[in-house]
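I have placed the structure first, in the form of structure tokens, so that the comments after it can refer back to it.
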Amino acid sequence: FCGGKVRNGTVSQYLLKPFSFILHDFSSKIAEKLLKIALAVPPILFAWFMWKDFIVAPSTQDVALFIPVLLLGALINFLVVQVLALTAFWTANNVAISAFNDMLFYVTSGKLFPLKYLTAIVPLWFVNLFPYRYIVGFPIDIYLGSLPTAQIVSGVLSQVVWIFLLVCVVNFMWQRGLRTYNSYGG
């Protein structure tokens, strides 16, 4: 969204308005996700009622921890996507950057396979170089109730640190990108 608007020049119309383009993009993403959630709830409820005898429900405490951690993970994901999109200020096409990011995301997030199996092949320090485990793997581990309290606290603090770092990077890239941005026409 953001990268396309930078590349095609339509970001110029947002620069003259009295609100943050990044926050506008964020609010658009929230609206999109809320619509997707609303559309997903009926089939999920139907599946739950059909197979509720086979589904092991997490504890109330795990769900209460899962929701804020999932929201923090979604914020990390948004910020990572913004960092990639803001490369549009300096590149004509960032498909290769996005493809590389997607590969790292699938491998180090736990989306492809559980991280406990990955760490047998790839050292944990390598996985921790990237914020992706805090988007997928960490929230899933909390939902499943497989983490002790110390790891949950450490993970939430790591999410907050990643959010702070990514907000700084997004702001830096936005400010630097605007210095190099040129738009022509009416």
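Because the structure is a prediction, the values reported are computed rather than measured.
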Can you tell me if Gln82 uses its side chain to pair, donor with acceptor, with the backbone of Ile22 under 3.5 Å? no

Test applied, side chain to side chain contact (heavy atoms under 4.5 Å, CB included); reference residue, Phe138; option that passes from Leu72, Leu70, Leu115, Val69: Val69

How many angstroms lie between atom OG1 of Thr108 and atom CG of Leu124, to the nearest 0.5 angstrom? 11.0 Å

Just how far is it from atom CG of Asn77 to atom OG of Ser109, taken to the nearest 0.5 Å? 9.5 Å

For a quick check under 3.5 Å, do Ser59 and Asp62 share a side-chain donor-acceptor pair by atom type? yes

Do Trp125 and Val107 belong to the same hydrophobic cluster, where Ile, Leu, Val, Met, Phe, Trp and Tyr are linked whenever their side-chain heavy atoms lie under 4.5 Å apart, directly or via other members? yes

What's the spacing between Trp174 CH2 and Ser20 OG if we round to 0.5 Å? 7.0 Å

Quick one: does Met173's side chain get under 4.5 Å of Trp90's, heavy atoms only? yes

Relative to each other, are the rings of Tyr132 and Phe130 parallel, tilted or perpendicular (30° and 60° limits)? parallel

Are side-chain heavy atoms of Leu34 and Lys29 found at a separation under 4.5 Å? no

Is the side chain of Ser28 donor-acceptor paired with the backbone N or O of His24 at a distance under 3.5 Å, no angle test? yes

Does Phe100 have more than 12 heavy atoms from other residues, nucleotides or ligands lying within 6.0 Å of its CZ? no

Value rounded to 0.5 Å, distance of CG in Asn101 from OG1 in Thr87: 10.0 Å

Going by heavy atoms in the side chains, are Tyr134 and Asn128 under 4.5 Å from each other? yes

For residues Pro114 and Tyr117, determine if any side-chain heavy atom of one lies less than 4.5 Å from a side-chain heavy atom of the other. yes

Please find the pair of heavy atoms, one from Leu147 and one from Ile152, that lie closest to each other, and give the distance. O-CD1, 3.7 Å

Hey, quick one: are Val81 and Met103 part of the same hydrophobic cluster, counting side-chain heavy atoms closer than 4.5 Å, chains of contacts allowed? no

Quick one: pull up CG in Leu84 and CG in Leu79 and give me the separation to the nearest 0.5 Å. 11.0 Å

Is there a path of hydrophobic side-chain contacts, each under 4.5 Å between heavy atoms of I, L, V, M, F, W or Y residues, that connects Val41 with Leu35? no

Please evaluate residues Phe78 and Val170 with respect to the criterion side chain to side chain contact (heavy atoms under 4.5 Å, CB included), reporting the C-alpha separation (whole Å), side-chain torsions for both, the decisive distance (0.1 Å), and the verdict. CA-CA 11 Å; Phe78 171 79; Val170 166; over 6 Å; no

Contact check, side chains of Ile140 and Phe66, non-hydrogen atoms, under 4.5 Å: no

Stepwise side chain to side chain contact (heavy atoms under 4.5 Å, CB included) test for Asp141 and Ser146: CA-CA 5 Å; Asp141 286 341; Ser146 62; 3.6 Å; yes

Between Gly73 and Gln159, the two heavy atoms sitting closest are N-NE2, 3.4 Å

Any heavy-atom pair between the side chains of Phe126 and Leu129 that's under 4.5 Å? yes

For the pair Leu65 and Tyr143, evaluate side chain to side chain contact (heavy atoms under 4.5 Å, CB included) and give the outcome as yes or no after the intermediate values. CA-CA 8 Å; Leu65 287 170; Tyr143 183 81; over 6 Å; no

With a 4.5 Å cut-off on side-chain heavy-atom distances among I, L, V, M, F, W and Y, is there a chain of contacts connecting Val160 to Val80? no

So CG of Leu45 and NZ of Lys52: to nearest 0.5 Å the spacing works out to 11.5 Å

Phe89 vs Arg176, side chain to side chain contact (heavy atoms under 4.5 Å, CB included): CA-CA, chis, key distance, verdict: CA-CA 9 Å; Phe89 280 120; Arg176 288 293 168 113; over 6 Å; no

Hydrophobic cluster membership, with links at side-chain heavy-atom distances under 4.5 Å among I/L/V/M/F/W/Y: are Phe54 and Ile44 in one? no

